[in-house]
Amino acid sequence: MVEHSFFPESPAELSRFTACLDKDPAIVITFHQNPDGDAYGSSLGLKFFLESRGHHRITLISPTEPAEYLKWMPGAEEVVVWKTGETDALISGADLIFCLDFSAASRLKDMKDAVLNAAALKVIIDHHELPEEFGDLYYWNVKASSTCELVFDLIHDLETDPRITRECAVCLYTGLLTDTGSFRFDSTTPAVHRIAAQLLEKGVVPSEVHRNLFDNNPYEKLQFLGYLLANKLVFLPEYRVTYMAVSAEELKRFNSRNGDTEGLVNQGLSIQNAVMSVLFTEKEDQVRISFRSVHDLSVADFARKYFEGGGHKNAAGGRSQLSLNETVEKFLTLLPEIKTGLLRQPR
Ligand SMILES: [Mn+2]
C-alpha cells in the first residue's frame, strides 16, 4: 500500500518536493493513455500553476494521440505525443515527473519503461482505486471527484494565496466537470461545488466550457450515436443492465475518431431502471470495455475480477483478448453472479 496518500502531511516528504522545486527542475507532466478531460485538465492546470510560480522548463507528454475534443483547451497545443527515441531524452533528463490521473503504470502504455527507469522524483496525483507503488510521493484520495480537485487542493497546500490564472481555472474546471458527469455523479460533493465556485471567480465561463466539450460534435458522430442507439443498445430489464458492442467495422464505417466513443457508455444509464451500463469496443489487438454503475455497485471490482481492469467504484475500464462476441458472451454468463447487487440498488 501507498504509505502517505497526501505527501504534504509528511514534513520530510513535503521538503523533498519543495527542495526539488526550488532547484528549478526540468519537469515532465504525464497522464494516462487516451486522456480524458480530467487527465488533460489536471495536467494543463498544474502546468499553468507551475508557470505562474516561475517554472518554465515544463513538458507535457501524452502516451497516445489525444482526442480531438480536448484540443480547444488552453495549452493543449504544447502537448507532445510520446514517440520512442524522440521523447525519451526529455523523460530521462527530467528532474521531476508528475503522473496524473492514473495509478497503474500500464496506463502509460509504451511510455511506461521510460518513466519507470527515469531518475526523476516521481509525484503521483490520482483518485483511482488501489494505487501501484511506482512513485516517490503520492497525493492520492479515492474519494476525490477528480484529479483536478486534487491539483486544486495541492496548489492550496503549497500556497495560502496562490495565483490561479483564468487558463489554469478553465483547465481545472474541465476535469471537475467531466469526471463528475457535469456535476451529477455521487462524487459531486459540497467541496466540488465550492472549488467550482472559486474557479468561476477566476474567470471560467461554464457555458463556454460545456459547449467546447459537448456541443462540438462532428455531424457523423451524431449519426453514429443514432445508429448505435437504434441498432446496438441492449437493455436487460431482469438484470437492470444495458450494453452496447461496437465492432471495428462499425467504427470504420462511421469514421469514428479516437475519443468519439467517450461518454457513449453513459447513454445506457439514462434508461429508466438501469443501474449498470457497459460498452464493448473492438480494437486492433483487444476488446476495450467501459463500465458505469450507480450507488454502491462497484464496477471497479467487477472489472478487476473478470476483465483485467479497474478504476473507480462507478466508472471503470477493462479489456479482453477474446473476440467481441465471445467477450459479450462471457459478460452475460457473469450476470447471475452479480444479480443480487444489481437488483438491490435504489433508483
Ligand atoms: Mn480522473
Side-chain angles (χ1 to χ4, degrees), residues 2 5-6 29-47 49 60-64 66-67 69-70 73 75-76 79 98-109 123-132 134-135 138-155 168-189 191-193 195-196 199 209-210 213-214 259 261-266 269 279 288-293 298-300 303-304 309-318:
V2 173
S5 52
F6 286 94
I29 303 178
T30 189
F31 37 83
H32 59 77
Q33 60 163 312
N34 300 318
D36 56 9
D38 190 33
Y40 235 54
S42 57
S43 300
L44 288 164
L46 178 63
K47 174 198 97 96
F49 170 69
L60 275 85
I61 308 181
S62 178
T64 55
Y69 81 101
L70 295 171
M73 289 180 70
V79 175
F98 287 97
C99 294
L100 267 57
D101 202 36
F102 69 98
S103 41
S106 62
R107 299 200 72 202
L108 284 168
K109 230 185 163 193
V123 179
I124 317 296
I125 307 177
D126 185 43
H127 65 135
H128 290 81
E129 291 181 357
L130 303 174
E132 289 175 5
F134 63 95
Y138 284 80
Y139 201 91
W140 175 80
N141 183 2
V142 74
K143 294 208 174 89
S145 65
S146 53
T147 300
C148 281
E149 177 177 348
L150 293 173
V151 168
F152 184 91
D153 288 346
L154 175 61
I155 287 173
C168 177
V170 165
C171 293
L172 295 181
Y173 184 85
T174 297
L176 223 54
L177 180 76
T178 53
D179 261 28
T180 58
S182 303
F183 304 107
R184 77 179 187 272
F185 299 153
D186 286 347
S187 57
T188 311
T189 58
V192 167
H193 278 296
I195 293 171
L199 296 175
V209 176
H210 198 281
L213 279 168
F214 303 115
T261 51
E262 182 78 33
L264 206 55
V265 64
N266 293 315
L269 267 193
L279 173 69
R288 201 186 301 150
I289 316 170
S290 298
F291 300 93
R292 295 290 183 276
S293 66
S298 173
V299 281
R304 203 175 297 120
H312 309 292
K313 187 177 70 176
N314 295 140

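Both counts, for ligands and for their atoms, begin at 1 and track the order of listing.
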Nearest to the Mn ion (ligand 1), which N, O or S atom of Asp101 do we find? OD1
I'd like the atom name of the N/O/S atom in Asp179 lying closest to the Mn ion (ligand 1). OD2
Looking at Phe102 versus Phe31, is the centre-to-centre ring distance below 6.0 Å? no
In this structure, the Mn ion (ligand 1) sits at the vertex of an angle between NE2 of His127 and OD2 of Asp38 that rounds to 10° as 100°
Where does the angle between the aromatic ring planes of His127 and His312 fall among parallel (under 30°), tilted (30 to 60°) and perpendicular (over 60°)? tilted
Just checking: Asp126, one of its N/O/S atoms, less than 2.8 Å away from the Mn ion (ligand 1), yes or no? no
Tell me, do Lys143 and Thr189 make a side-chain contact under 4.5 Å, heavy atoms counted? no
Taking the side chain as every heavy atom from C-beta outward, state whether Leu46 and Leu100 have any pair of such atoms under 4.5 Å apart. yes
